[in-house]
Asks: 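Just dropping this structure here.
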Amino acid sequence: MKKVILIKNGELVLKGLNRSTFEDMLIKNMRRRLSDLGKFNFIKAQSTIIAEPEDEDVDFDEAVDRVSRIFGIVAFSVAAVAEKELGKIEECVMEFLGDELRAVRTFKVNAKRSDKKFMYKSPEICREVGGYILSKIPALRVDVHNPELTVTVEVRDRHVFVHGNQLKGAGGMPVGSSGRAALLLSGGIDSPVAGYMMAKRGLILTAVHFAAPPYTSPRAELKVKKLAALVARYSGRINLAVVPFTEIQEHIKDNCPEELFTIIMRRLMMKIALRIAKNDKCQALITGESLGQVASQTIGAIACTDAVATMPVFRPCIGMDKEEIISVARKIGTFETSLEPYEDCCTVFTPKHPRTRPTLELIEQAESRVDFEEMLSRAVSETRFCSIDG
Ligand code: ATP
Ligand code: MG
């Protein structure tokens with residue numbers, strides 16, 4: 001049985017003149033994300049994109065699974081292709097949806113006829129196909145208002161598509177339609193969620209991770225790579241930059257007041273991330289901060305970190321409770337990995353009593369006593385890059 005994926009694109013529909021550009025971007029993303037599974041044709045047809053495998057041996061189930069994680073798709077269905085003949089359509093319905101039909105109590109048939117030359121009109125298709133299904137599975141009941149399963153028969157120019165209930169897509173906008181941004185990716189729960197949320201708004205991700213060996217272990221870095229790969233299942237390929245941060249951290253510890261350690265460290269992280277971001281053509285930074293979660297995430301502390309930012313800083317988790325962030329982490333499959341217990345550079349040298357209401361003046365004063373510039377440049381130049389696929 002030949003199958004296709006019917007894709008309904010989301011907000012794209014709202015974009016008026018941009019719609020075609022957005023659709024092309026979505027198709028480009030799908031083509032790339034399915035490329036290793038075999039060759040697919042993508043056909044635009046009104047508000048639907050048809051993904052049709054060209055060869056017999058494509059891994060169709062894997063393709064469906066991947067499509068469910070591609071942003072810019074509101075809903076999709078897996079459809080069987082039938083010949084344009086009523087008897088063939090009926091056979092196809094039973095072959096393709098028989099098991100699903102046997103598992104429910106109520107159904108209805110919904111027909112769409114874009115080929116007006118087809119000899120049966122929509123109500124006739126519904127009646128005929130519905131009657132056929134009932135003759136095969138007499139225990140079923142038709143419920144036109146609230147059926148458990150809707151059998152859709154779409155009669156198009158070249159083929160007829162048969163499918164069951166639509167599946168929910170990943171939503172959002174095609175990755176790339178909003179540009180590129182740099183995600184500060186720790187090994188924690190929040191930052192992978194932040195990356196997922198902003199990729200959903202159409203951003204390509206560059207990830208920046210700060211490592212502080214030997215205080216942080218190679219396994220911590222592996223964990224971050226694993227997290228990046230999990231996020232990349234949604235965002236597509238991620239450029240990951242791993243920044244050596246030990247020298248800077250030791251320098252802060254030895255030269256700055258302990259209570260300001262965290263804020264100064266975060267400001268220096270931002271400065272480095274900004275340079276890497278700029279080199280990688282990013283237009284914004286993304287962090288997983290949530291207001292009030294820890295001392296470095298109070299309004300005052302965020303104001304102090306933002307004071308060094310020369311690009312917008314997106315914080316999609318800012319208004320979310322930990323519980324809400326965790327539920328997204330579970331949904332996207334990063335939660336378990338985030339729980340692996342490896343030290344993050346942020347928890348190295350944590351002060352006992354961090355200041356929750358730092359003043360910018362105090363911080364700038366403390367920073368001015370140390371010359372960080374050379375160390376910052378060194379950290380940037382010694383940064384290692386790799387690209388991570390989902
Ligand atoms: P997460 O769960 O994402 O680690 P968190 O609640 O532990 O967040 P912090 O450790 O204070 O919060 O970090 C706040 C944000 O700073 C993180 O969400 C992330 O964006 C960034 N960040 C923290 N540590 C690192 C790191 N080692 N490398 C890159 N970014 C980091
Ligand atoms: Mg963290």
Side-chain angles (χ1 to χ4, degrees), residues 181-199 205-213 215-228 230-231 238-246 248-249 252 261-277 282 284-298 301-302 304-306 308-309 313-330 332 334-351 354 356 358 379-380 383-384:
L183 165 69
L184 278 80
L185 182 62
S186 69
I189 296 167
D190 310 333
S191 46
V193 168
Y196 158 84
M197 289 172 79
M198 296 318 296
L205 301 179
T206 290
V208 182
H209 176 68
F210 294 88
Y215 306 105
T216 62
S217 69
R219 297 184 69 174
E221 198 178 313
L222 274 181
K223 171 184 173 182
V224 168
K225 286 185 174 159
K226 217 158 110 186
L227 285 172
L230 290 169
V231 175
I238 294 178
N239 284 346
L240 171 67
V242 180
V243 185
F245 203 48
T246 318
I248 293 176
Q249 280 193 297
I252 309 172
F261 178 89
T262 309
I263 300 281
I264 293 176
M265 179 189 71
R266 298 200 58 80
R267 280 161 59 91
L268 294 171
M269 276 184 167
M270 289 294 238
K271 284 189 180 176
I272 293 173
L274 285 161
R275 293 187 197 183
I276 292 170
C282 297
L285 298 185
I286 304 166
T287 78
E289 289 160 302
S290 160
L291 190 63
Q293 196 185 77
V294 286
S296 62
Q297 296 176 28
T298 60
I302 288 177
C304 290
T305 20
D306 261 3
V308 299
V313 182
F314 296 147
R315 299 178 168 92
C317 301
I318 197 75
M320 293 165 81
D321 295 343
K322 197 75 188 185
E323 282 310 309
E324 291 170 319
I325 300 173
I326 288 175
S327 87
V328 181
R330 282 189 200 280
I332 64 173
T334 53
F335 185 63
E336 296 295 323
T337 304
S338 290
L339 288 186
E340 288 176 13
Y342 303 114
E343 195 89 337
D344 183 65
C345 74
C346 276
T347 46
V348 179
F349 317 130
T350 333
T356 49
V380 172
T383 293
R384 286 174 288 119

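This is a predicted model, so every value here is computed, not measured. All ligand and atom numbering here is 1-based and tracks the order in the structure.
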Asks: Below 3.5 angstrom, do we get any N/O pair linking Met269 and ligand 1?
Replies: no

Asks: Check this for me: does any side-chain nitrogen of one of Lys223 and Glu340 sit under 4.0 Å from a carboxylate oxygen of the other?
Replies: no

Asks: Using a 4.0 Å heavy-atom threshold (strictly under), name the region of Leu183 that reaches ligand 1: side chain, backbone, both or neither.
Replies: neither

Asks: Any non-hydrogen side-chain atom of Leu285 less than 4.5 Å from a side-chain atom of Phe314?
Replies: no

Asks: Short N/O distance, under 3.5 Å, between Phe210 and ligand 1?
Replies: yes

Asks: Numbering the atoms of ligand 1 from 1, which are under 4.0 Å from a heavy atom of Cys345?
Replies: 27 (N)

Asks: Would you call Arg315-Asp306 a salt bridge at under 4.0 Å N-O?
Replies: yes

Asks: Using a strict 4.0 Å cut-off to heavy atoms of Ser296, name the atoms of ligand 1 that fall inside it.
Replies: 11 (O)

Asks: Compare Ile325, Thr262, Asp190, Val224 and give the one whose heavy atom is closest to atom 8 (O) of ligand 1.
Replies: Asp190

Asks: Could you list the atoms of ligand 1 found under 4.0 angstrom from a heavy atom of Thr287?
Replies: 20 (O)

Asks: Can you find a side-chain donor-acceptor pair between Ser191 and Ser186 that sits under 3.5 Å?
Replies: yes

Asks: Heavy-atom distance to atom 27 (N) of ligand 1: which of Asp344, Leu185, Ile272, Thr305 wins?
Replies: Asp344

Asks: Rounded to the nearest 0.5 Å, what separates atom NZ in Lys271 from atom CZ in Arg275?
Replies: 8.0 Å

Asks: Would the distance check show the side chain of Thr383 and the main-chain N or O of Ala379 forming a donor-acceptor pair, the cut-off being under 3.5 Å?
Replies: yes

Asks: Which is closest to atom 13 (O) of ligand 1 by heavy-atom distance: Glu343, Met270, Lys322, Arg266?
Replies: Arg266

Asks: In ligand 1, which numbered atoms sit nearer than 4.0 Å to a non-hydrogen atom of Ile189?
Replies: 1 (P), 2 (O)

Asks: Under 3.5 Å between some N or O of ligand 1 and some N or O of Pro192?
Replies: no

Asks: Do the charged groups of Glu343 and Arg219 touch, with an N to O distance under 4.0 Å?
Replies: no

Asks: Are the side chain of His209 and the backbone N or O of Leu185 linked by a donor-acceptor pair below 3.5 Å?
Replies: yes

Asks: Please work out which of Gly187, Gly188, Gly288 has its closest non-hydrogen atom nearest to atom 18 (O) of ligand 1.
Replies: Gly288

Asks: If you look at every heavy atom in Thr216 and Cys345, which pair is closest and at what distance?
Replies: CG2-N, 3.6 Å

Asks: I'd like to check which ligand 1 atoms, numbered from 1 as shown, lie under 4.0 Å from a non-hydrogen atom of Gln293.
Replies: 5 (P), 6 (O)

